[in-house]
Amino acid sequence: MLSCIVAIAIATMVGKKTYESHAPKTGGLLLQNIEALSQGDITVVGCKPMKNATCYVFDGNGQLVDRRKNQYKGD
Amino acid sequence: MKKTYLILLLLFVSFSCCRKRDTMTKCDTEILHVTGGITLKDAHNSINQMVSTDSVLWIGSEHDRKSVIFAYSFDGNLLASGVEYGRGAGEILELTSLHPSQKGSVALYDGRAGRLNQLSVNGTNIKLDILRDSLFLYDDAVILPGKRIVTLPVHSSFSYILSDLDGDVIANLSYFPPKPKTVDENTHILACTGTLAVAPDGKSMVRAIAYDGGLDFFSIDDDRLSHKKRYSLFEMDYDALDGRVKLPIPNHNSRTGYSSLCSTDKYIYASYSEAKVLDNPDGECKEIHVFDHDGNPVYKLLLDREFSSFTVTPEDNFLFVACDIDGKTFLIKYRLAEN
């Protein structure tokens, strides 16, 4: 019985971690990044022009914090 | 008997040639010549968005100008201008897209501020009002008739979402064109960004994405989004940058493909180039391929010059393209023949 409960708990945690939301998460870190973005505090560097491509900025936790349209990540 | 076979063969061949237009190469080509132009008041530094409504040409320009949005009449008179970059009310952080909205109006999506806005003209000023917020960093967001919104997430397993104005999801769709064999799924999701055009009746849409020589056609029903057809001249080709997140980047084989889109009641217009992306980063084209709303190629337009942005008037009678001539930006006007 105990092993079943543990298995269900682990499965729930794994499922929660792998679920991808289609909308920006409202967890603390990403919300802070969105606020920084709306205040113009994030500066994107290292992007080159390319029509229809996107240059992405991810933070150290792999969260998307900004993007530039019509550019790609290049030095 | 021989005569019967010959007649049947002739009928079959003529039917095939006239009606089977499964590729643009089999379609009629119209070579366009300039019929007029508009010299834009104040040199615009790269026009990246153009939309035409019933009698107005809407232009979105790069951000080193005070005003970002300009409205011209079809014969070249500046009617209004406005909308500035900034963090204040009525200002934008990014001109992500312009799309026709309700009859005669235009909606502006600002992905970095997370807002879908309605543009309106008040005298000679253009102002914007928020339709919906909290739409951060989508590839695009478009308002449909009936106050529904299509949003295009990035970094998500869903590529298209249909919702109402309150944000309640009605339907979603996970569709991505075929990926290069050497690229993983996450990188491919990040690569699939581009441009969207929605039919004026809001019942279909078409997407062109980076690195891709294809167009994808979708149906928009009351409660469903579905992919109905892919038309492709070449498949996506790009590389992935090494790193924690493998970002998509062009390689020496990556080509421009379909670059900009415009939808009228009758047709979908898509600019096209075979040029390598690294030689043509602005996506300039000299061809426009014309499709019906089921994704069937109809005919091809060849222009006498390269352009990066274009729009077609709602009655399919004029094409406007933005061109740089000796450092000044002009809108070149072409009359389209009836098809």
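Within every chain, numbering begins at 1; the chains are lettered A, B, ... in the order of the sequence lines, protein sequences first and strands thereafter.
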Atom group of B/Thr151 that falls short of 4.5 Å from chain A, counting heavy atoms: neither
Please tabulate, for side-chain N and O atoms in residues 236-243 of chain B, each donor-acceptor pair with protein atoms closer than 3.5 Å (sequence neighbours left out).
| from | atom 1 | to | atom 2 | distance (Å) |
| --- | --- | --- | --- | --- |
| B/Asp237 | OD1 | B/Asn251 | ND2 | 2.9 |
| B/Tyr238 | OH | B/His188 | ND1 | 2.7 |
| B/Asp239 | OD1 | B/Asn251 | ND2 | 3.2 |

Checking B/Tyr160 against chain A: side chain, backbone, both or neither under 4.5 Å from a heavy atom? neither
Going from OG on B/Ser273 to CG on B/Asp282, what distance comes out if it is rounded to the nearest 0.5 angstrom? 11.5 Å
Of the listed B/Pro248, B/Ser254, B/Ala210, the one with the largest count of heavy-atom pairs under 4.5 Å with chain A is B/Ala210
Tell me whether the rings of B/Phe218 and B/His227 are parallel (<30°), tilted (30 to 60°) or perpendicular (>60°). perpendicular
Under 4.5 Å to a heavy atom of chain A? For B/Leu190 that would be both
Quick one: ring-ring contact (aromatic ring centres under 6.0 Å, His included) partners of A/Tyr72, sequence neighbours excluded? none
Side chain, backbone, both or neither: which part of B/Glu284 has a non-hydrogen atom closer than 4.5 Å to chain A? neither
Side chain, backbone, both or neither: which part of B/Asp139 has a non-hydrogen atom closer than 4.5 Å to chain A? both
Between A/Asp66 and A/Arg68, is the closest basic N to carboxylate O distance under 4.0 Å? yes
